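One is the number of the first residue; the rest follow in order along the sequence. As the structure is a computational prediction, the values presented were derived from the model and not from experiment.
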Amino acid sequence: MAGVRRVIPLTLGWVEVPYSMSVYGAPDGIRLWEPVPALLLEVDGGWLLVDTGLNPAFVRDPALCRRFHQDTGVEVRLPAGAGDPLEGELGRVGLTLDQIDAVAVSHLHNDHAGGLRHFARRDTPVHIQRRELDHGLGAHPARLEADGIIRVDFDDPAIAWRPADGDSEIATGVTAILTAGHTPGHQSFVVEMDPAVGGGGYVFAFDAADLRENIDSERAVGGSIGVPPEATIEPIRRLKAIASARGLRLVPGHDPVVWPALTTELAT
């Protein structure tokens with residue numbers, strides 16, 4: 001196989017957040033409902049899952065939901081039903097957790113790392129940037145929580161971490177790109193399609209650019225760790241340059257119009 005054969009966007013819930021959480025300097029009084037994204041990629045060797053959504057235990061329990069979400073200005077809407085969002089979305093496309101051959105996580109915020117617990121004892125490799133993992137396991141849990149990272153989501157020695165130091169190919173046609181700023185080791189993903197299915201491909205920004213506005217107007221994202229907000233613009237420019245040079249589509253991570261439209265497009 002010369003590249004990725006299939007891309008399936010998943011939506012693992014929705015969050016209502018202040019506009020300023022996605023675009024630095026935007027009005028605080030405006031709120032947006034944004035999708036919780038994940039990706040399934042059919043690669044040489046099986047299925048690669050990118051990001052894992054929220055831990056529903058921290059949403060459905062009222063006290064934990066207040067602590068981890070509402071007190072930070074976030075409202076959460078999980079998919080209908082009482083099951084696990086990740087298992088439900090996988091089931092919708094005919095897959096189970098056991099059929100996931102590898103996982104990659106863009107970063108450790110709770111809306112991206114909340115499903116890592118599913119893979120802790122499956123010996124499933126989990127790709128992450130080393131500096132992200134070091135921050136997640138090394139910073140004080142209270143400091144992490146203030147930044148939207150819930151350490152219990154991923155602090156498990158049974159997770160088969162595959163840390164990278166910078167850009168790295170994690171499967172044929174899939175390259176993780178270090179786009180630090182939003183978090184210390186945030187990574188985005190270049191996905192190049194197999195010529196047998198038409199070629200081309202995508203650059204999935206994830207939280208390096210939440211909205212189309214972050215990309216088109218080169219607006220800093222609303223949250224950053226360890227760097228000033230303006231430092232998040234350079235990763236956006238880098239992703240734009242990669243997409244332009246390779247003729248790929250650059251996809252923002254949480255755009256409430258772009259993500260559902262891409263999901264519909266790729267389902268046909």
Side-chain angles (χ1 to χ4, degrees), residues 7-17 21-22 32-41 47-61 64-65 67-70 72 74-120 122 124-128 132 136 144-145 147-156 159 176 182-183 186-189 204-208 210 223 251-256 258-260 262-263 266-267:
V7 175
I8 304 176
L10 305 177
T11 300
L12 303 180
W14 289 78
V15 291
E16 187 192 46
V17 299
M21 192 172 285
S22 288
L32 302 175
W33 277 103
E34 298 181 356
V36 176
L39 279 174
L40 273 172
L41 304 175
W47 288 99
L48 169 66
L49 173 68
V50 182
D51 281 354
T52 64
L54 293 148
N55 186 333
F58 300 144
V59 178
R60 294 184 175 127
D61 181 278
L64 292 175
C65 189
R67 172 179 170 180
F68 291 123
H69 305 297
Q70 293 165 341
T72 64
V74 176
E75 294 291 336
V76 181
R77 181 187 299 156
L78 295 178
D84 183 274
L86 179 56
E87 289 182 289
E89 274 289 86
L90 291 178
R92 181 182 62 82
V93 298
L95 294 174
T96 67
L97 290 166
D98 288 335
Q99 291 174 277
I100 301 303
D101 299 284
V103 176
V105 62
S106 62
H107 63 302
L108 291 174
H109 273 151
N110 63 73
D111 55 332
H112 297 261
L116 286 175
R117 69 194 187 284
H118 289 300
F119 304 100
R122 297 174 184 269
T124 306
V126 178
H127 298 273
I128 191 171
E132 185 76 4
L144 294 171
E145 184 178 325
D147 287 328
I149 298 172
I150 304 174
R151 183 161 166 172
V152 72
D153 277 336
F154 55 85
D155 189 2
D156 189 327
I159 294 177
H182 179 63
T183 61
H186 185 282
Q187 57 185 358
S188 305
F189 300 90
F204 289 100
F206 284 94
D207 286 18
D210 278 5
V251 181
H254 287 280
D255 194 289
V258 173
W259 194 260
L262 181 66
T263 301
L266 294 180

* Check the pair Leu86 / Leu97 against side-chain contact (heavy atoms from CB on, under 4.5 Å), numbers first and verdict last. => CA-CA 9 Å; Leu86 179 56; Leu97 290 166; 4.0 Å; yes
* **Stepwise side-chain contact (heavy atoms from CB on, under 4.5 Å) check, Leu49 with Phe119** => CA-CA 11 Å; Leu49 173 68; Phe119 304 100; 3.7 Å; yes
* Distance-only, no hydrogens or angles: does the Asn110 side chain make a donor-acceptor pair with backbone N or O of Gly148 under 3.5 Å? -> yes
* Asked: Measuring from Glu16:CD to Leu32:CG, what's the distance to the nearest 0.5 Å?
  -> 8.5 Å
* Taking side-chain hydrogen bond (donor to acceptor under 3.5 Å, both in side chains) as the test, write out the residues that go with His118, two or more places apart. => Asp84
* Between Gln99 and Trp47, is there a donor-acceptor pair closer than 3.5 Å when you use the side chain of the first and the backbone of the second? -> no
* Asked: Less than 4.5 Å apart, any side-chain heavy atom of Val105 and any of Thr52?
  -> no
* Are any non-hydrogen side-chain atoms of Glu75 and Gln70 less than 4.5 angstrom apart? -> yes
* Asked: Gly13 and Pro79: which non-hydrogen atoms are nearest, and at how many Å?
  -> CA-CD, 3.9 Å
* Side chain proximity check, Leu12 to Leu54, heavy atoms < 4.5 angstrom -> no
* Flag side-chain contact, heavy atom, 4.5 Å: Phe58 against Asp153 -> yes
* Structure fact -> Residue set satisfying salt bridge (Lys or Arg N to Asp or Glu O under 4.0 Å) with Arg77, at least two apart, ordered chain then number -> none
* If you measure from CD1 on Ile8 to CG on Leu41, what distance do you get to the nearest 0.5 Å? -> 9.0 Å
* Between the main-chain N or O of Pro252 and the side-chain N or O of Trp259, is there a donor-acceptor pair closer than 3.5 Å? -> no
* **Arg151 versus Gly136, closest heavy-atom pair with distance** => CD-O, 3.6 Å
* To do: Might you point out which heavy atoms bring Ala205 and His186 nearest each other, and give the distance in Å?
  => O-CE1, 3.3 Å
* Contacts of His182 that satisfy side-chain hydrogen bond (donor to acceptor under 3.5 Å, both in side chains) - sequence neighbours left out -> His109, Asp207
* Asked: His254 vs His112 aromatic rings, parallel, tilted or perpendicular, using cut-offs 30° and 60°?
  -> perpendicular
* How long is the gap from OG1 on Thr183 to CG on Asp147, to the nearest 0.5 Å? -> 9.5 Å
* Answer yes or no: is there a donor N or O on one side and an acceptor on the other, between the side chain of Glu89 and the main chain of Thr11, under 3.5 Å? => yes
* Kindly compute the distance separating CD1 (Ile128) from NE2 (His107), expressed to the nearest 0.5 Å. => 10.5 Å
* Backbone N or O of Ser106 within a donor-acceptor pair of the Asp51 side chain at under 3.5 Å? -> yes
* **Under the salt bridge (Lys or Arg N to Asp or Glu O under 4.0 Å) test, residues paired with Asp101 that sit two or more places apart** => none
* Could you check if a side-chain atom of Asp111 sits within less than 4.5 angstrom of a side-chain atom of Val76, using non-hydrogen atoms only? => no
* Would you confirm whether Glu145, through its side chain, and Phe68, through its main-chain N or O, come within 3.5 Å as a donor-acceptor pair? => no
* **Partner residues of Trp14 under the side-chain hydrogen bond (donor to acceptor under 3.5 Å, both in side chains) criterion, sequence neighbours left out** => none
* Side-chain contact, heavy-atom cut-off 4.5 Å: Leu90 with Ile100? -> yes
* Asked: Can you check whether Val59 reaches His69 side chain to side chain, under 4.5 Å on heavy atoms?
  -> yes
* **Heavy-atom closest contact (Pro35 atom, Pro256 atom, distance)** => CD-CA, 3.8 Å
* Asked: How far apart are the closest heavy atoms of Arg92 and Pro9, and which atoms are they?
  -> NH2-O, 3.9 Å
* Asked: Counting distance only, does the side-chain N/O of Asn55 pair as donor-acceptor with the main-chain N or O of Ala57 below 3.5 Å?
  -> yes
* Considering only heavy atoms from C-beta outward, does the side chain of Ile149 approach that of Phe154 to under 4.5 Å? -> yes
* Structure fact -> Contacts of Arg60 meeting side-chain hydrogen bond (donor to acceptor under 3.5 Å, both in side chains) (sequence neighbours excluded), chain-then-number -> none
* **Interatomic distance, Asp98 atom CG to Thr124 atom OG1 [nearest 0.5 angstrom]** => 8.5 Å
